[in-house]
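None of the values given here were measured: they were computed from a predicted structure. Each chain gets a letter, A, B and so on, in the order the sequences are listed, and its residues count up from 1.
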2 protein chains.
Amino acid sequence: MDIARRAGVSQATVSLVISGGAASDQIAESTRQAVLAAATELGYSANVAARSLKGGRNHLLGLYTFEPVFPTDQHDFYYPFLLGVEEETAAQGYDLLLFSSVTSAADRSIYAGGANRLKLADGCVLLGRNVRHEELNALVQEDFPFVFIGRREVTDGEISYVGADYVAATSAMVAELHRRGHERILYLRAIEDTEPTRDREQGYRAGLAAAGIEVDERLIQGLADPAELSAEHVLHWIGRYGVTAILVEPTEDNRLVDALTAMTDGARVRFPEDCSIALLGEPPSWTPQLRDWTRFSLPRAEMGREAVRMLVGLLGDARSTSHQVTLPCTFVPGDSIGPVPRGDQA
Amino acid sequence: MDIARRAGVSQATVSLVISGGAASDQIAESTRQAVLAAATELGYSANVAARSLKGGRNHLLGLYTFEPVFPTDQHDFYYPFLLGVEEETAAQGYDLLLFSSVTSAADRSIYAGGANRLKLADGCVLLGRNVRHEELNALVQEDFPFVFIGRREVTDGEISYVGADYVAATSAMVAELHRRGHERILYLRAIEDTEPTRDREQGYRAGLAAAGIEVDERLIQGLADPAELSAEHVLHWIGRYGVTAILVEPTEDNRLVDALTAMTDGARVRFPEDCSIALLGEPPSWTPQLRDWTRFSLPRAEMGREAVRMLVGLLGDARSTSHQVTLPCTFVPGDSIGPVPRGDQA
DNA sequence: GTCAGGCGTTTATACGTATTAATGGGAGCC
DNA sequence: GGCTCCCATTAATACGTATAAACGCCTGAC
């Protein structure tokens with residue numbers, strides 16, 4: 001190390017001065033000044049790799065997303081999370097490492113190339129819907145500190161996460177519909193069995209139970225691709241099952257809203273005149289808001305911030321217990337729900 | 001390394017098998033299989049820190065902004081740049097390091113703490129209006145590889161940058177106004193003497209020259225804070241100098257557009273009926289676009305991408321020469337310019 | 001039988017830092 | 001003056017990997 005030579009001291013001394021805020025009180029003031037001067041002069045900065053190799057921390061937090069975030073629509077969905085993460089990371093005095101290379105790689109795996117690149121950072125915030133649970137398990141076993149944004153379960157053990165309270169929000173949505181007289185409420189769920197979907201379904205059932213309505217399993221329909229949702233479907237459900245309201249999960253992109261808009265434009269189905277409809281979440285904010293859909297919105301930025309706070313907490317405590325937090329969603333009244341259509345009233 | 005023990009070979013052999021796709025043909029197939037088996041079994045993943053320590057490069061590109069990006073409006077201004085940088089970084093197989101800690105620190109200096117934290121990355125993309133030129137100079141002297149987004153000058157030597165062609169865009173804007181008969185064109189410039197402002201002024205003068213109009217120095221006015229721009233000012237300029245069109249530099253936030261909107265709302269001045277107005281740039285995109293201002297827009301995402309490409313090029317070439325590129329802006333017709341008002345026609 | 005040569009593997013070393021144990025020198029005390 | 005003790009500094013080591021150089025062994029040739 002050339003700083004040492006420059007200041008005429010040993011490498012160990014330099015290390016003590018630079019990093020050892022604690023142990024550097026053992027160092028004579030004159031020496032410390034000399035070292036700092038030399039460091040400044042040479043534009044020195046510690047090598048992260050070496051530092052983290054040694055086992056020290058490098059003051060980096062990582063952010064890894066399981067989905068690519070570049071398609072602009074999805075990016076816009078994830079942006080508020082990122083904003084929160086970035087803001088709190090800065091507030092905590094850390095730098096933020098975006099694992100874009102892994103994200104964009106063909107195989108899209110944390111362990112691509114046999115290397116868990118996440119370990120570059122002290123800890124990591126994870127984000128994304130299509131999680132590879134086996135990778136999460138691996139992370140847990142290595143006990144690498146990380147926090148997931150969104151509730152996630154793993155088979156062995158518990159992980160830390162900051163989730164949105166989909167259960168309560170969905171349940172409240174059912175209650176809201178029930179207050180307006182609806183009893184035949186269709187729930188269109190994503191076909192993949194991920195945690196957010198499970199939570200919504202649980203909230204749906206809980207909401208019905210609270211309203212004293214028995215669950216009609218035929219009113220829980222899987223929807224593989226929101227784009228395939230058409231007026232025919234809706235009219236069919238109305239006619240066949242007496243559906244008066246629909247709850248539907250939006251995707252991270254704008255396919256759902258596009259489909260709904262197409263329906264409305266065709267005037268085949270009117271919301272809420274023919275049928276009430278509410279979104280169990282919020283479509284990407286960039287979507288031109290032609291319509292103020294009834295929905296609930298996640299506190300995305302706050303979730304990002306909270307995840308970082310939690311992560312920093314984990315880093316501080318050596319014996320890191322996992323933490324789980326769910327934050328409440330905000331109900332957005334919108335204008336797509338209304339009373340039960342005349343002909344269908346009980 | 002416990003994989004070595006597990007497979008009954010040496011650490012070097014493991015390294016050859018794991019990383020040396022090239023040199024691993026020297027390894028007997030049986031040995032390689034044994035090593036790979038052991039690696040899989042133990043859930044091994046290479047330590048990136050060690051790897052990059054040995055290799056010198058850690059495959060990180062940095063992004064540093066001279067202004068804090070958290071006030072939502074400014075963030076929205078910088079966001080497209082960030083998007084481009086992020087996208088191309090991923091495409092190049094690098095990870096992106098956001099220097100948020102430095103950004104948010106009180107002293108906001110690259111060299112905070114006597115250390116150049118930027119060196120954490122292999123190279124760095126810089127961004128921001130209020131540059132500290134002395135820091136740029138220092139970076140140049142260390143010859144740390146970096147690329148600035150926006151044209152920047154330093155006293156000693158040249159730096160690499162990807163800029164927007166403000167000169168041509170402003171000149172074209174003047175030509176556009178002249179085509180509609182305007183000859184008394186007021187230029188409201190930022191009061192700080194930064195490169196973008198200088199370029200706009202140069203473009204303004206060039207445009208006038210091309211149109212055969214002599215520059216009236218009284219028509220170049222400094223504007224410290226766009227918020228202070230009022231109907232009184234505009235009416236004054238119209239009455240006193242016979243101004244029929246205004247060119248104004250927008251800020252990274254929404255103060256300018258707010259001021260213009262306030263003027264319009266008060267109906268004190270109508271654009272373009274009373275006076276044409278065009279923005280020499282683009283306000284933050286999040287601004288509720290009450291009005292489609294005539295302006296030009298920077299290819300921000302493309303600038304970000306190009307900056308990363310250039311940076312990666314610098315990293316590849318050991319003998320790094322500096323490169324300068326300016327990208328053309330896009331004219332956005334909008335609806336805030338029109339013909340010369342009746343009473344003012346020559 | 002000896003020796004060259006090639007191949008598969010290992011030994012040794014370097015990367016830059018943090019940390020512990022050791023070293024040196026100076027001051028204080030008897 | 002000699003001894004001890006303390007404190008500022010240093011030497012030594014470890015972290016996990018990549019790589020050049022060295023090594024041993026086996027084959028083929030003379």
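- Contact annotation: side chain of B/Q11 to base of D/dA18, donor-acceptor pair present below 3.5 Å.
- Going from atom CZ of A/R32 over to atom P of D/dT9 covers 11 Å, rounded to whole Å.
- Contact annotation: A/S15 reaches the phosphate of C/dA18 (side-chain N/O to OP1 or OP2, under 4.0 Å).
- If you take CD of A/Q33 and P of D/dT9, they are 12 Å apart, rounded to a whole angstrom.
- The pair A/R151-A/E195 does not count as a salt bridge, with every side-chain nitrogen at least 4.0 angstrom from each carboxylate oxygen.
- D/dA18 atom P lies 9 Å from atom CG of B/L16, rounded to whole Å.
- In this structure, CD1 of B/I27 is placed 13 Å from P of D/dT19, rounded to the nearest angstrom.
- Between B/I18 atom CD1 and D/dA18 atom P the separation is 9 Å, expressed in whole Å.
- Across all strands shown, A/S52 has no heavy atoms under 4.0 Å from either base or sugar-phosphate atoms.
- Between A/R300 and A/F77 the shortest side-chain heavy-atom distance falls below 4.5 Å.
- Note: B/F81 and B/Y78 have tilted aromatic rings, judged against thresholds of 30 and 60 degrees for the angle between ring planes.
- Residue B/G8 is the one, among B/L53 and B/G8, whose nearest nucleotide of DNA chain C lies closer to the 5' end (criterion: closest heavy atom).
- For B/T13 and C/dT10, the shortest distance from a side-chain N or O to OP1 or OP2 is below 4.0 Å.
- Judged by closest nucleotide on DNA chain C, B/T31 is the one of A/K54 and B/T31 placed further toward the 5' end.
- Checking the phosphate oxygens (OP1, OP2) of D/dA18, a side-chain nitrogen or oxygen of B/R51 falls inside 4.0 Å.
- Distance alone, capped at 3.5 Å, is enough to place a donor-acceptor pair between the A/D122 side chain and the A/H59 backbone.
- For A/K119 and D/dC15, the NZ to P distance is 15 Å, given to the nearest whole Å.
- Nearest to the side-chain atoms of B/A12 among the listed nucleotides D/dT17, C/dT9, C/dA12 stands C/dA12.
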CA sep, side-chain torsions, deciding dist, call: A/V312, A/L61, side chain to side chain contact (heavy atoms under 4.5 Å, CB included): CA-CA 9 Å; A/V312 170; A/L61 298 187; 4.2 Å; yes
